[in-house]
Student: 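Dropping the structure in here first, questions after.
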Amino acid sequence: MDAFFERMEALELALTYDDVRLGTAYSDVRPAHVDVSSRFSRNIPLKIPIVSAAMDTVTEALMAIELAKQGGLGVIHRNFVPADQAKEVTRVKFYLNGLIRVPITFYEDEMVESILRVRQEKGYSFHTFPILRRDGMLAGIVTENDFDMAKDHSVPVKSIMTTDLVTRGPECSIEEAHRVMVEKKKKVLPLIHSDKRLAGLYVFNDVHRIVSGERSAHNVDENGQLRVGAAIGVGEGEVERAQLLVNANVDVLVIDVAHAHSKLVLEMVRTLKSRFSKTDVVAGNISEPEAVPDLIGAGVDGIKVGQGPGSICTTRVVAGIGCPQVTAVYNCVKAARGSGIPVCADGGITYSGDIPIALAAGASSVMLGSLLAGTAESPGEVIYVEGKALKRIRGMGSLSAMRESKGSRERYRQTDVSLKKLVPEGIEGVVPFRGALADVLIQYVGGLRAGMGYVGAHNVEELQQKAFFRRITSAGQKESHPHDIQLISEAPNYGAKR
Ligand code: XMP
């Protein structure tokens with residue numbers, strides 16, 4: 001692979017996905033058995049090497065939850081005010097809520113109506129609360145059923161709560177809790193100390209989700225909670241944003257700017273690493289190898305590569321800068337060799353076949369925007385135009401995103417520019433509605449597996465060692481796509497490109 005890129009370098013040629021294909025090789029690999037696990041950053045593993053873009057039409061909590069359930073990672077966008085972005089992180093972290101260590105409780109003499117009022121004011125989405133005596137001992141549990149069946153709300157909760165409880169001690173494991181709840185047909189299992197003080201609470205739906213078989217595919221942290229990343233900037237108030245995200249237990253902070261080889265980014269990396277030493281920090285985007293030692297020197301745990309390859313990006317044509325993505329990824333990976341710092345290839349992936357190419361060029365993961373924007377889990381509604389189901393996508397540097405959000409203006413270094421004088425570096429558009437993320441990922445990961453099978457690679461590392469690149473011509477590219485027929489139906493992994 002090095003020899004190929006060195007020859008291209010000698011010709012001063014930079015290449016992107018459509019310019020290359022991987023050679024096939026002897027293979028004893030069955031695609032279904034290849035190991036596609038990888039890493040996003042030093043301490044953040046991936047079971048599938050797919051990360052969703054920090055875009056406001058791609059990744060909020062719902063996308064991050066579903067993607068982490070499938071083994072990947074979502075990066076929550078930063079066009080939220082910090083408190084709301086932290087709430088999105090919390091939603092992901094609490095989706096698989098094993099043991100609730102400090103449940104919300106009420107006292108047995110509080111009125112039903114006042115509990116319902118507090119529930120509404122605080123925005124609790126659940127109705128199950130342990131009820132305590134004034135001396136702190138567990139007296140009962142009130143559930144949605146109890147509230148629904150209560151005819152009169154001006155009575156103390158003790159008159160409607162359930163007192164026929166099954167309990168276990170504080171050490172009860174999630175597996176035992178599941179077994180007990182199934183056996184006793186209980187939706188909740190309070191844990192109590194020997195003196196009957198409350199020690200925690202298991203809720204069946206959460207416990208069942210965790211204990212059910214899919215768990216092995218999930219990308220979870222050491223507490224069994226889904227992993228999630230969040231984007232931050234480098235401007236005023238961004239360290240405070242990072243603090244809120246860290247308080248919400250975010251797994252990785254992603255410094256998300258259009259040009260990361262800059263003084264502000266290097267300073268931000270140093271600040272974050274000294275303040276939040278336990279949280280990984282990824283910085284991007286860059287596309288030149290000279291940026292790599294500077295970022296690694298500042299202490300990053302991961303690097304994101306891609307300046308202008310994205311589906312909605314106009315940076316390259318507006319500003320005249322950038323490097324085609326495969327060469328950019330290869331050069332940056334080469335500069336990071338020996339450091340243990342993974343590189344994520346961000347933007348420009350249009351078919352599943354681009355994923356094995358990005359990984360073969362040395363990336364440890366790919367970040368997807370437009371390929372995920374059309375799923376049911378991306379923010380926004382499905383819209384219908386001439387009978388076609390579509391979803392909106394917009395660049396974070398599009399005019400509308402920059403007008404609406406300080407985060408977008410800061411990403412493109414235009415915080416000091418009046419709204420009338422903004423220079424967008426992205427556009428807005430629509431993509432076909434593609435249905436559930438899980439189904440879409442079957443195709444993307446399936447394409448990666450197929451590619452690895454053809455190359456004879458059992459895992460991502462072997463793909464990087466064994467792959468050999470071939471440059472193709474536009475005739476070769478034309479031949480690669482269906483040709484000389486009229487497409488009458490779209491395959492789940494192939495549609496007309498442009
Ligand atoms: P894809 O091709 O997967 O790319 O849709 C997603 C990536 O594009 C970047 N991005 C932008 N780049 N102007 C840009 O130059 C923009 O307005 C813009 N919005 C997103 C971003 O890195 C994302 O992950």
Side-chain angles (χ1 to χ4, degrees), residues 61-62 64-66 68-69 87-108 110 112 115-116 118-120 122-133 135-150 157-158 160-228 247-251:
L62 189 56
I65 288 169
E66 283 309 312
K69 278 170 68 184
K87 268 191 210 153
E88 294 292 296
V89 168
T90 304
R91 279 179 67 194
V92 183
K93 295 310 286 183
F94 281 93
Y95 178 78
L96 293 182
N97 203 359
L99 173 60
I100 306 167
R101 287 183 194 280
V102 190
I104 308 292
T105 58
F106 292 94
Y107 289 115
E108 59 181 356
E110 288 185 75
V112 172
I115 294 177
L116 287 172
V118 172
R119 176 181 175 271
Q120 198 179 14
K122 301 264 182 189
Y124 300 139
S125 56
F126 45 90
H127 285 81
T128 301
F129 304 103
I131 302 300
L132 307 182
R133 294 190 335 217
D135 61 8
M137 307 303 153
L138 180 68
I141 292 274
V142 65
T143 64
E144 187 168 6
N145 242 358
D146 298 324
F147 284 114
D148 286 351
M149 300 301 157
V157 68
K158 76 172 165 198
I160 69 157
M161 72 188 183
T162 304
T163 50
D164 167 27
L165 302 180
V166 173
T167 61
R168 284 292 180 272
E171 306 306 329
C172 178
S173 69
I174 192 163
E175 281 79 13
E176 191 194 339
H178 188 251
R179 195 181 48 70
V180 171
M181 284 191 270
V182 170
E183 192 185 305
K184 308 278 185 192
K185 297 195 168 63
K186 291 286 178 190
K187 284 273 195 178
V188 284
L189 182 72
L191 305 188
I192 51 171
H193 295 285
S194 52
D195 61 2
K196 286 188 98 183
R197 268 180 314 107
L198 190 64
L201 185 75
Y202 282 114
V203 176
F204 185 73
N205 288 348
D206 290 345
V207 168
H208 187 67
R209 268 203 295 249
I210 295 177
V211 171
S212 64
E214 307 152 15
R215 194 182 173 195
S216 60
H218 294 165
N219 189 5
V220 292
D221 64 18
E222 54 291 347
N223 298 320
Q225 294 182 312
L226 295 175
R227 286 198 166 94
V228 61
N247 293 349
N249 272 332
V250 74
D251 294 274

Student: Are side-chain heavy atoms of Phe106 and Val118 found at a separation under 4.5 Å?
Tutor: yes

Student: How long is the straight-line distance from CD1 of Ile160 back to CD1 of Ile115, given to the nearest 0.5 Å?
Tutor: 7.0 Å

Student: What are the two closest non-hydrogen atoms of Tyr95 and Lys69, and how far apart are they?
Tutor: OH-NZ, 3.3 Å

Student: Just verifying a value: how many Å separate Lys158 NZ and Ile131 CD1, rounded to the nearest 0.5 Å?
Tutor: 12.0 Å

Student: Answer yes or no: is there a side-chain heavy-atom contact under 4.5 Å between Ile174 and Leu99?
Tutor: no

Student: With a 4.5 Å cut-off on side-chain heavy atoms, are Leu201 and Ile141 touching?
Tutor: yes

Student: Mind checking whether Phe94 and Ile100 have side chains closer than 4.5 Å, heavy atoms only?
Tutor: no

Student: Measure across Leu198 and His193 and return the closest heavy-atom pair with its distance rounded to 0.1 Å.
Tutor: O-CD2, 4.0 Å

Student: Measure the CD-NZ distance between Glu144 and Lys187 for me, rounded to the nearest 0.5 Å.
Tutor: 9.5 Å

Student: Look at the aromatic rings of His178 and His208 and report parallel, tilted or perpendicular, splitting at 30° and 60°.
Tutor: parallel

Student: Got Pro130 and Pro103 here, is their nearest side-chain heavy-atom distance under 4.5 Å?
Tutor: yes

Student: Is a donor on one side and an acceptor on the other found under 3.5 Å between the side chain of Arg197 and the backbone of Met137?
Tutor: no

Student: How long is the span from the CZ atom in Arg119 to the CZ atom in Phe129, to the nearest 0.5 Å?
Tutor: 6.0 Å

Student: Do you know the tightest heavy-atom contact between Gly140 and Met161?
Tutor: CA-SD, 3.9 Å

Student: Can you name the closest pair of heavy atoms from Leu226 and His218 and give their distance?
Tutor: CD2-CB, 4.2 Å

Student: What are the two closest non-hydrogen atoms of Ala248 and Thr90, and how far apart are they?
Tutor: CB-OG1, 3.6 Å

Student: Side chains of Asp164 and Lys186: closer than 4.5 Å at any heavy-atom pair?
Tutor: yes

Student: Is there a side-chain contact between Leu189 and Val166 in this structure, where contact means two heavy atoms from C-beta onward sitting under 4.5 Å apart?
Tutor: yes

Student: For Val228 versus Ala64, what's the shortest heavy-atom pair and its separation?
Tutor: CG2-CB, 3.9 Å

Student: Are Val250 and Lys93 packed together at the side-chain level, in the sense that at least one heavy-atom pair is separated by less than 4.5 angstrom?
Tutor: no

